Structures are given as structure tokens and as C-alpha cells.
Amino acid sequence: MSDRRIAFTIDGRKIEARAGQTVLEAAEEAGVYVPRLCWMKGLTPAGACRVCTVRVNGRPQSACTQPAAPGMIVENDTEELRELRRDVIDMLFVEGNHFCMFCEKSGACELQALAYRFGIAAPKYPFMFPRRELDASHPDIFIDRNRCILCGRCVRASQELDGKHVFDFVGRGRDKRIAVDAEAGLGDTDCAATDRAIDACPTGSLLRKRVGFAVPVGRREFDRQPIGSDIERPAAAE
Amino acid sequence: MAKAKVATTSLCGCFGCHMSLLDIDERILELIELVDFDRSPINDFKEIQGPVDIGLIEGGCANEENVKVLQEFRRHCKVLISVGDCAINGGIPAMRNMVPLAECYEEAFLKGPTVVNPSGKVPDDEEIPLLLDKVYPAHEVVKMDYHLPGCPPSADTLWAALTALLTGKPVDLPYELVKYD
């Protein structure tokens with residue numbers, strides 16, 4: 001990899017990327033937060049959720065898959081893109097059954113945190129209330145598909161970080177869901193409580209049993225600070 | 001200046017949001033300087049008496065009575081607020097939305113493990129409001145002007161929103177006060 005710096009701008013701010021970096025990675029290193037959901041550090045980007053959509057030279061692109069290129073003009077924090085992201089998050093809420101009030105992940109859930117960041121008090125789309133299955137067959141882990149947003153982070157983490165292939169997608173469109181590598185359920189797979197795939201879940205869809213509600217309300221990850229505020233830094237004086 | 005009129009009701013809710021309103025503690029003395037209550041569980045009025053400035057709706061619509069009450073509130077309230085997760089997304093009662101209504105009745109009155117029902121029938125007295133096919137959030141039934149999420153919204157959230165509205169300021173709540181749990 002060369003040391004050549006790739007200069008481009010995000011919302012007018014000068015960014016320098018290293019060769020091979022995506023827009024999202026370069027932005028993050030420079031202290032600019034691009035909202036994301038299916039992206040996770042250390043995993044192959046999927047470009048699936050479209051929350052990180054930015055405009056690159058006027059064209060919508062997912063920042064997590066778009067390689068940085070010299071001179072590109074990127075729009076990130078514009079009213080148009082904020083609205084698009086709000087709509088994507090809205091749809092994820094109404095397509096599933098997200099009962100935050102009793103969810104163990106509440107307060108540390110990335111979907112919920114994005115809704116907070118975007119100031120969503122109520123979704124504007126009608127709720128679908130789909131019937132989804134729960135898999136508690138594993139002694140230490142459960143899958144609650146009511147909370148699954150099909151980001152595929154568990155699919156990739158199991159393969160790329162755990163060296164297994166516990167999870168994958170089956171079905172199409174509204175019937176798409178996460179399946180496991182066994183006929184009966186998660187309990188018959190080689191999935192272990194120590195698998196990184198469990199931590200990869202941004203929502204409460206994949207959780208360890210008997211550890212819920214360990215952190216008190218008020219001290220959870222997103223109780224006080226919006227998601228992304230650990231990344232954001234003001235632009236350096238020029 | 002005349003005091004503002006506030007009406008509140010709990011539709012398919014647990015009264016937890018009303019408890020949270022009482023949780024403003026001694027600020028309730030300030031509140032009573034600012035408002036008079038119209039229909040509310042606090043004074044036990046069963047009907048709305050007149051024009052209302054602010055209506056607070058707890059709970060979603062699970063039966064025909066909930067819909068009628070919500071429509072009555074909409075007719076009389078200048079500003080109508082969904083208070084809490086049940087009003088906003090159906091909440092815990094909406095967990096039945098994934099199950100056909102007939103199965104819900106069967107579980108509740110006929111086949112559930114704790115059911116004692118010698119008649120073997122589902123109650124169908126005309127005094128009992130008919131259940132809707134599913135639980136609807138308030139804004140899917142009438143237009144709602146504001147949403148205060150939370151289960152329940154904290155006393156500080158309710159206080160901040162109410163005092164902003166009563167003093168003519170924008171309802172612009174800080175990050176810590178808008179939570180879904």
C-alpha cells in the first residue's frame with residue numbers, strides 16, 4: 001500500500017484518505033461521523049442498510065463501500081440525506097417488532113440510538129407487526145427475529161472473525177430472515193457464547209442469556225451521548 | 001390570563017404514564033397554577049366538559065371504546081399529545097398483534113393454562129367493548145400533534161414538554177429526555 005494521500009472533501013471539509021480506505025473510514029479518521037448500521041469495524045462492508053448513504057459528486061453511494069478517490073466532493077450532513085436516513089430507520093422500526101421497553105439491548109442498541117440521534121419521536125409509516133420466530137434452543141444464546149434488521153453483521157462476523165458459518169440469510173423480500181446452520185435451531189450449531197458474532201448484532205436480536213439489564217438505566221452506552229459523538233471532532237483550524 | 005385546560009386519558013395503557021405525571025413531585029403545585037383539568041382520571045370526570053387546550057393520550061386503541069374516546073379528545077383538544085410507547089407504537093398490548101384475534105380469545109378465556117371458566121364461552125356482554133383486530137397506535141387513528149416516547153416518559157420529559165407548550169415555547173427536548181424505555 002502506498003503512502004500517497006487522497007485528498008477530497010466532505011461537506012466542504014478537507015479530508016485526507018490513505019489508499020484503500022473507504023469514504024466512511026477516511027471520514028471517521030478525520031473526525032466526521034457518517035451514520036451507519038450494517039457496517040462494523042473489522043468486517044467486509046456490505047452496503048446493505050443504506051443508512052450511510054452520502055452523495056459522491058452528486059450521486060448517492062453507500063459510504064462504507066465507496067473507495068476514497070482524489071478530488072471527490074462528498075455530501076454527508078445535509079437535510080436531504082438526514083431525511084433519507086430518518087426514513088430508512090423509520091422503515092426498520094415498522095418492519096419489525098421493536099419493543100424497546102423490555103428489550104435487554106435498550107440503551108445500547110444502535111438502531112434505537114440512531115433513532116434518538118435523528119430525533120424520531122414516532123415513525124411516520126404504519127406498523128406491520130409481522131409474525132417472527134424466536135430461537136431459544138441454544139443454552140447460552142438466543143435469536144429474537146422480532147428485533148432483526150437483516151444487517152448481516154452476524155453472518156459476516158461468524159465467517160470472518162469466528163471462522164464458522166453459523167448464520168446466513170434465507171428467503172426474499174419481506175420473507176427474508178436469518179437462518180442458522182442446523183435443521184433444529186441454534187442449539188444444534190457450533191455457535192458458542194464467546195463468538196464475536198453475538199457482539200456484532202446492533203440490536204437485541206442476538207443476545208447472551210442471563211446477562212440482560214446488567215447496566216443500570218442512565219449509565220448505558222447511548223443514555224447521555226448520541227451515537228457517533230465519540231467519532232466527531234471539530235475541523236482543525238486552517 | 002385564564003388558565004389553560006388540560007385533559008388526560010388512559011386508553012389501552014397501564015396508567016404508568018399518569019403515574020409518571022404525578023412523579024413531577026412538588027412541581028404539581030406549579031402545574032396547578034398554570035392549568036385546570038378537564039376530563040382526567042385525576043378528577044374522575046367521565047366526559048370532556050368543554051374546549052381543551054392540551055390533551056394527553058396514554059395507551060393505544062385496542063377496542064371500540066378506545067377509538068371513541070380518542071376521537072372525542074381529538075374533537076375537543078387544540079393540541080393532542082401521544083404520551084408513552086403504547087400511544088406511539090401500541091406497546092405491550094400490541095404484542096397480540098402478531099396473533100390472530102380468535103387465538104387471543106381462546107388463550108384468554110378457554111385454553112390458557114390458568115383459565116377457570118365453567119361456561120366454556122368467550123364473554124360477549126354488550127357492556128364489554130369489542131376488541132379491534134389489533135392494537136393501533138393513536139396516530140394511526142387520529143392526527144396527533146406531538147409524541148413523547150418512553151415507558152413511561154420521565155416526569156422531567158412530561159414537565160419539559162408541558163411547560164414549553166403552556167408558555168408558548170417550542171417543544172424542543174434535550175437528548176436525555178427522549179427515550180424509548
Side-chain angles (χ1 to χ4, degrees), chain A residues 89-134 144-147 203-204 212-213 215-229 232, chain B residues 13-14 16-17 20 57 60-62 80-101 103-104 132-141 143-154 156-157 161 170-181:
Chain A
I89 296 157
D90 256 8
M91 286 188 271
L92 290 173
F93 267 96
V94 298
E95 276 174 12
N97 299 308
H98 298 279
F99 293 97
C100 294
M101 68 289 285
F102 61 80
C103 180
E104 301 92 316
K105 196 66 174 262
S106 191
C109 167
E110 291 178 34
L111 176 68
Q112 185 193 56
L114 280 168
Y116 290 166
R117 186 182 167 105
F118 284 97
I120 298 173
K124 66 181 186 191
Y125 300 111
F127 286 92
M128 287 175 64
F129 296 115
R131 195 163 188 168
R132 301 258 189 89
E133 299 302 321
L134 193 128
D144 186 346
R145 293 190 179 84
N146 290 292
R147 305 165 179 171
T203 71
F213 313 110
V215 184
V217 173
R219 290 220 298 259
R220 300 168 305 181
E221 194 174 355
F222 304 119
D223 277 338
R224 305 249 166 241
Q225 291 296 320
I227 188 169
S229 45
E232 289 168 306
Chain B
C14 69
C17 296
S20 195
I57 302 293
C61 288
L80 203 54
I81 310 179
S82 272
V83 177
D85 290 342
C86 295
I88 288 172
N89 57 37
I92 300 286
M95 290 183 77
R96 80 160 161 94
N97 289 7
M98 287 73 93
V99 182
L101 187 57
E103 276 180 46
C104 294
L132 304 179
D133 63 331
K134 58 178 189 176
V135 179
Y136 292 84
H139 65 268
E140 289 186 18
V141 178
K143 181 187 183 296
M144 302 300 293
D145 301 299
Y146 293 95
H147 297 87
L148 297 176
C151 190
S154 70
D156 288 339
T157 304
V171 182
D172 198 7
L173 301 180
Y175 179 84
E176 301 78 39
L177 292 187
V178 182
K179 292 285 177 288
Y180 296 171
D181 55 6

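Not measured: the values here are computed from a predicted model. Here is the naming used below: chain letters follow the sequence lines, and residue numbers restart at 1 for every chain.
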Practice item. Considering non-hydrogen atoms only, spot the tightest contact between B:Ile88 and A:Pro123 and give its length. Key: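 Nearest heavy atoms, B:Ile88 then A:Pro123: CG2-CD, 4.5 Å.
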Practice item. For A:Arg131 and B:Met98, work out which heavy atoms get closest and say how close. Key: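 Smallest heavy-atom distance, with atoms named: CD-O, 3.2 Å.
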Exercise for review: Under 4.5 Å heavy-atom distance to chain A, tell me which part of B:Pro174 shows up: side chain, backbone, both or neither.
Suggested key: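 Contact with chain A involves no heavy atom of B:Pro174 at all.
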Exercise for review: Go through the atoms of B:Leu173 and report whether side chain, backbone, both or neither lie under 4.5 Å from a heavy atom of chain A.
Suggested key: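 Neither part; nothing is under 4.5 Å.
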Check your understanding: Is the shortest heavy-atom distance from the side chain of B:Tyr180 to the side chain of A:Ile120 under 4.5 Å?
Key ->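 A side-chain contact under 4.5 Å exists here.
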Exercise for review: Evaluate the side-chain proximity of B:Cys86 to A:Met101: yes if any heavy-atom separation is below 4.5 Å, no if none is.
Suggested key: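 Answer no - side chains too far apart.
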Check your understanding: When rounded to the nearest 0.5 angstrom, what distance separates CZ in A:Phe99 from CG in B:Asn89?
Key ->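 Reported to 0.5 Å precision, the distance equals 7.0 Å.
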Check your understanding: For the atom pair CZ (A:Phe129) and OH (B:Tyr136), what is the distance rounded to the nearest 0.5 Å?
Key ->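 Atom-to-atom, A:Phe129:CZ and B:Tyr136:OH are 9.5 Å apart.
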Check your understanding: Counting a contact as any heavy-atom pair under 4.5 Å apart, which residues of residues 145-154 of chain B contact chain A?
Key ->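 The list, in residue order, reads B:His147, B:Pro149, B:Cys151.
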Point to revise | For A:Gln112, all residues meeting side chain to side chain donor-acceptor pair (under 3.5 Å), sequence neighbours excluded | key: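 By the side chain to side chain donor-acceptor pair (under 3.5 Å) rule, A:Gln112 matches A:Ser106, A:Tyr116.
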Check your understanding: Is it the backbone or the side chain of A:Asn97 that comes under 4.5 Å from a heavy atom of chain B, or both, or neither?
Key ->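 Only the side chain of A:Asn97 comes within 4.5 Å of chain B.
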Point to revise | Proximal component of A:Phe222, with respect to chain B [non-hydrogen, under 4.5 Å] | key: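 Contact with chain B: backbone and side chain both.
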**Study point:** Top of B:Glu176, B:Met95, B:His139 for chain A proximity - count of heavy-atom pairs under 4.5 angstrom
**Key:**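 Max contact count across the listed options: B:Met95.
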Review point. What option among A:Pro130, A:Ala121, A:Pro226 has the most heavy-atom pairs under 4.5 Å with chain B?
Key: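 Of A:Pro130, A:Ala121, A:Pro226, A:Pro226 has the most heavy-atom pairs under 4.5 Å with chain B.
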